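Read the numbers this way: they start at 1 and go in the same order the structure lists the ligands and their atoms. Values below: all heavy atoms of this structure, side chains included; hydrogens, waters and symmetry mates excluded. The structure displayed is predicted, hence computed values, not measured ones.
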Amino acid sequence: MAKITASVYTSHVPAIGVAIDQGKTQEPYWQPVFEGYEFSKKWLKDNKPDVIFLVYNDHATAFSLDLIPTFAIGTGAEYQPADEGWGPRPVPKVIGAPKLAAHIAQSVIQQDFDLTIVNKMDVDHGLTVPLSLMCGQPEAWPCPVIPFAVNVVQYPVPSGARCFALGQAIRRAVESYDEPLNVQIWGTGGMSHQLQGARAGLINAAWDNAFLDRLIADPTGLSKVSHIEYVREAGSEGIELVMWLIARGAMADVAGGPAPKLAHRFYHVPASNTAVGHLILENSN
Ligand code: DHB
Ligand code: FE
């Protein structure tokens, strides 16, 4: 059977992608950000999955106000990088895992989550920046990726509790797949940031660090945090953090297994308009 072996959490700041693509990672502003991922790049090489289930949000690239799926699973064979603002990033195309993705869609929909199935879409910085942070600049990404897009851009957005329950359904779906695949689930976006309005530039390091503490040790309690608290404490774009609860909900302890091992924790301010947060949690198998 397939297994979820680890979860990775990371911010997706678009300017990080530009810093990588333009060779600026060693500049004084960026160096401390990338240093926080040195461990992670080695860890991913040592713990290479067969498939990454990558929870992210699209920023009006593949979707727009014309069509707003709350939860969309990519069942395609491949996805081209695209982006708003700086244009498509010069990164490898993303190879999908259609068979496993179709199985997860079937299982999760049968568990009463109404996913949108997407066979064709481009992927923006929400998906490619986490891959770049964890993999550097390879010729090809190390394994197939199932893109899982969550609407955290246009209200109404899903609650943390809904996302946490969805993660549990994804875990059951993966574990009912009849091939011995090593699957990682990544939750991306965040941390506190607000890109618009009177509070533009908001960063709340104390709240972010409490979020990291609770994501590790009290995910069930954390899943009950309301939208209004995310917006008040972490800014309008801080709501991206509900995506981390999908990945956390897929970990073994939530289904009665042992607590995960914290392999890595990193936090840095600033990167563009946000705080960068990053965790790696391993399931003990
Ligand atoms: C920034 C952060 C984001 O999450 C995003 O989607 C766009 C911009 C920023 O910090 O500039
Ligand atoms: Fe974003």
Side-chain angles (χ1 to χ4, degrees), residues 8-22 24-25 27 29-34 36-37 54-65 68-72 79 81-89 91 94 121-134 147-158 160 163 186-205 207-208 211-212 215 227 230-231 233-247 266-279:
V8 172
Y9 309 82
T10 180
S11 305
H12 67 210
V13 192
I16 289 179
V18 178
I20 295 171
D21 301 341
Q22 297 184 355
K24 295 182 176 165
T25 58
E27 289 187 357
Y29 180 85
W30 289 113
Q31 195 275 338
V33 174
F34 291 102
Y37 288 82
L54 207 158
V55 181
Y56 76 108
N57 72 290
D58 178 79
H59 301 75
T61 302
F63 307 119
S64 70
L65 291 180
I68 308 164
T70 303
F71 299 118
Y79 310 89
D83 222 315
E84 76 275 25
W86 279 283
R89 295 190 56 218
V91 293
V94 173
M121 66 176 168
D122 293 341
V123 287
D124 74 9
H125 70 265
L127 185 127
T128 63
V129 166
L131 283 172
S132 295
L133 280 168
M134 293 296 296
F148 191 89
V150 179
N151 170 40
V152 286
V153 169
Q154 179 63 35
Y155 279 81
V157 302
C163 289
W186 294 13
T188 65
M191 295 204 78
S192 59
H193 61 306
Q194 172 144 347
L195 303 176
Q196 58 202 312
R199 297 199 310 160
L202 176 145
I203 288 176
N204 186 343
W207 192 89
D208 285 340
F211 182 94
L212 295 174
L215 193 79
H227 281 152
Y230 282 96
V231 176
E233 301 294 335
S236 52
E237 276 65 49
I239 195 69
E240 288 179 346
L241 283 168
V242 294
M243 296 185 290
W244 294 33
L245 286 162
I246 297 180
F266 174 65
Y267 184 78
H268 177 79
V269 176
S272 189
N273 301 294
T274 82
V276 170
H278 174 39
L279 292 176

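- For the side chain to side chain contact (heavy atoms under 4.5 Å, CB included) test with M191, the passing option among V13, L212, N204, T10 is L212; the others fail.
- Each protein N/O/S atom under 2.8 Å from the Fe ion (ligand 2) was counted, for a total of 3.
- The aromatic rings of F266 and H268 sit parallel, their planes meeting at an angle under 30°, below the 60° perpendicular limit.
- Closest heavy-atom contact between P14 and W86: CB-CZ3, 4.0 Å.
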Applying side-chain hydrogen bond (donor to acceptor under 3.5 Å, both in side chains) to D122 and T61, what does each step give before you reach the verdict? CA-CA 7 Å; D122 293 341; T61 302; over 6 Å; no
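- Atom CG in L195 sits 8.5 Å away from atom OG1 in T274 (nearest 0.5 Å).
- Heavy atoms only, all atoms of each residue included: V91 and P81 are closest at O-CG, 3.5 Å.
- Scanning for ring pair (Phe, Tyr, Trp, His ring centres under 6.0 Å) contacts around W207 gives F211, Y230, with sequence neighbours left out.
- With rounding to the nearest 0.5 angstrom, the CE atom of M121 is 5.5 Å from the CZ atom of F63.
- Residue-level contacts of ligand 1 at the 4.0 Å heavy-atom threshold are H12, V13, P14, H59, H125, H193, L195, E240, S272, N273, T274.
- Residues that satisfy the salt bridge (Lys or Arg N to Asp or Glu O under 4.0 Å) test with D21, not counting sequence neighbours, are R89.
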